[in-house]
Amino acid sequence: MTENNAMTGGGLNEPIGMRDFADRLPGVIFQFHRDHNGHMHFPYLAGSGTGLSGVDRKDLNQDARHMLDRLDKEDYPRVMAAIERSARWGVPIATKFRLRLSNRRSRWVALRAQPEESPTGVLWHGLMIDITEQMAEEARLRKLSDTDDLTGLANRRRLMKRLDEEIAKCNRHASPLSLMLIDLDHFKRVNDTWGHLQGDQVLTEFATLCHELLRDEDVIGRLGGEEFAVVLPLTPMVASYPLAERLRCAIADYDFGIASGQLTASIGLAEYRLGEPRDALIDRADRSLYAAKNQGRNRVVR
């Protein structure tokens, strides 16, 4: 692009001013000032994203609170801390936040700003860009990387991460935690008799059944094939055993679209012992599961 092309609007003979140029940018360039008394305002705002429903740009020129009050309540403390840190140490602000609109929807905004001292306080020169679509795509990809394609349950990666988090909480607060391992009995027979498509349907319905019976705080994931695990936060063995029994009975009684009574589950349980490695907990639950299978399947062993 030539210099002339870059600085024209509708054609080579129609130059535009810098203000008009800035107003066409897909974002907001700004100056943000905080005086020695803590009052904040935007001396300068330009760009196509300056329109905030219900807020006049002139109001922001006088008081930044018209925008700051629109920050999501979870993001507000982080943004204010970033401003304070930048003002105190002279470091740039680099953060993102959700901005509430008048229709109760929110937009994600990325902010970058460079501070400089002024006679009356601190002045930042910066840029804000709407990144809502980018955040939505990142969330979609994150879900794909953490989710089993067939059942929609957590995959092994996500389940192990959550188990690590719950173990850390147990060691910090001495709270109980149980782990449930589930294996669908003779599942190969389901695939061989009714076909893999029916087998996939059984796994999908099994996932739905578990969601209905387990608690909101429980995390169920697919380890692979017909093997599943459930992380049971704040749950000792005395509470996890009846929950596992209720789930086992529900599986045996459920109509999966195959012959009645053809699908059962063996379940192994273990309660976390403070300070033990994650793999030790999994190994104890796995040994309980192995015992359930050896004792005839369709049972819970702790």
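Note that CG of Leu247 is 12.0 Å distant from OG of Ser240, once rounded to the nearest 0.5 Å. Between the CD1 atom of Ile220 and the CZ atom of Arg162 there is a distance of 13.5 Å, given to the nearest 0.5 Å. Note that CE of Met135 and CG of Asp130 are 11.0 Å apart. Values are rounded to the nearest 0.5 Å. Between the CD atom of Glu227 and the CZ atom of Arg222 there is a distance of 10.0 Å, given to the nearest 0.5 Å. One distance of note links CZ of Arg302 with OG of Ser288; it measures 10.5 Å at 0.5 Å rounding. To the nearest 0.5 Å, the span separating CD on Glu226 from CG on Asp183 amounts to 5.0 Å.
Proximity of a side-chain donor or acceptor of His125 to a complementary backbone N or O of Ile29 within less than 3.5 Å is not detected. Checking side-chain atoms of Asn171 against main-chain N and O of Gly275 turns up a donor-acceptor pair under 3.5 Å. A donor-acceptor pair is defined here as one N or O able to donate and one able to accept, closer than 3.5 Å; such a pair exists between the side chain of Arg100 and the backbone of Asp69. Without hydrogens or angle criteria, Asp35 side chain to Asn37 main chain gives a donor-acceptor distance under 3.5 Å. Arg284 places a side-chain N or O within donor-acceptor distance of the main-chain N or O of Glu271, the cut-off being under 3.5 Å. Listed for the Thr204 side chain is no donor-acceptor partner under 3.5 Å among the backbone atoms of Val202. Although no hydrogens or angles enter the test, the distance criterion places no donor-acceptor pair under 3.5 Å between the side chain of Glu166 and the main chain of Ser178.
The shortest non-hydrogen separation linking Ala229 to Leu179 is CB-CD1, 4.5 Å. Between Pro176 and Pro236, the shortest heavy-atom contact is CB-N, 3.7 Å. In plain terms, the two heavy atoms of Gly221 and Leu153 that are nearest each other are CA-CB, 4.2 Å. The shortest heavy-atom contact between Asp255 and Glu205 is O-OE1, 3.8 Å. When every heavy atom of Ala244 is checked against every heavy atom of Ile267, the shortest pair comes out as O-CD1, 3.6 Å. Of all heavy-atom pairs spanning Leu159 and Ala154, the tightest one is N-CB, 4.4 Å.
Hydrophobic clustering keeps Leu213 apart from Val231 (ILVMFWY residues linked when any side-chain heavy atoms are closer than 4.5 Å, directly or through intermediates). Taking hydrophobic clusters as Ile, Leu, Val, Met, Phe, Trp and Tyr residues chained together by side-chain heavy-atom distances below 4.5 Å, Leu274 does not share a cluster with Leu234. The hydrophobic cluster containing Leu269 also contains Val230, counting ILVMFWY residues as joined when their side-chain heavy atoms lie under 4.5 angstrom apart, directly or transitively. Hydrophobic clustering (ILVMFWY, side-chain heavy atoms < 4.5 Å, transitive): Leu289 and Leu223 are in one cluster. Side-chain heavy atoms closer than 4.5 Å link hydrophobic residues (I, L, V, M, F, W, Y) into clusters, and following such links, even through other members, never connects Leu281 to Leu232.
No side-chain heavy atom of Asp59 sits less than 4.5 Å from a side-chain heavy atom of Asp63. Leu163 is listed as a side-chain neighbour of Ile282, based on a closest heavy-atom distance under 4.5 Å. Between Arg70 and Arg107, the closest side-chain pair of non-hydrogen atoms is not below 4.5 Å. A heavy-atom distance below 4.5 Å is not found between the side chains of Thr235 and Leu243. Counting only heavy atoms from C-beta outward, the side chains of Ile83 and Trp124 approach each other to under 4.5 Å. Two residues are said to be in side-chain contact when any heavy atoms from C-beta on lie closer than 4.5 Å; Ile251 and Asn298 fail this criterion. A 4.5 Å side-chain heavy-atom check between His41 and Gln62 finds every atom pair outside the cut-off. At a threshold of 4.5 Å between non-hydrogen side-chain atoms, the residues Leu263 and Tyr254 do not count as touching.
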TODO: Show your working on ring pair (Phe, Tyr, Trp, His ring centres under 6.0 Å) between Phe32 and Phe42 and close with a plain yes or no.
DONE: CA-CA 5 Å; Phe32 177 75; Phe42 289 91; 5.1 Å; yes
- [ ] List the steps and the verdict of side chain to side chain contact (heavy atoms under 4.5 Å, CB included) for Val190 and His186.
- [x] CA-CA 7 Å; Val190 175; His186 301 300; over 6 Å; no
- [ ] Give the intermediate values and the outcome of side chain to side chain contact (heavy atoms under 4.5 Å, CB included) for residues Phe206 and Thr151.
- [x] CA-CA 8 Å; Phe206 167 78; Thr151 63; over 6 Å; no
Task: side chain to side chain contact (heavy atoms under 4.5 Å, CB included) assessment of Arg158 paired with Asn155 - done: CA-CA 6 Å; Arg158 178 180 165 198; Asn155 60 16; 3.5 Å; yes
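Between Arg34 and Glu84 there is a salt bridge, with a side-chain nitrogen of the basic residue lying less than 4.0 Å from a carboxylate oxygen of the acidic one. In summary, Lys169 and Glu165 do not engage in a salt bridge, as defined by a charged side-chain N under 4.0 Å from a carboxylate O. Salt-bridge check for Asp185 with Lys293: passed, with a basic side-chain N closer than 4.0 Å to an acidic carboxylate O. By the 4.0 Å N-to-carboxylate-O rule, Arg78 lies close enough to Asp75 to be salt-bridged with it.
Within 6.0 Å of CZ on Arg172 lie more than 12 heavy atoms contributed by other residues, nucleotides or ligands. The neighbour count for Glu117 CD, taken as heavy atoms of other residues, nucleotides or ligands under 6.0 Å away, does not exceed 12. Annotation: Tyr290, atom OH; neighbour count of heavy atoms from other residues, nucleotides and ligands within 6.0 Å does not exceed 12.
Inspection of the Arg297 and Ser266 side chains reveals no N or O donor paired with an N or O acceptor under 3.5 Å.
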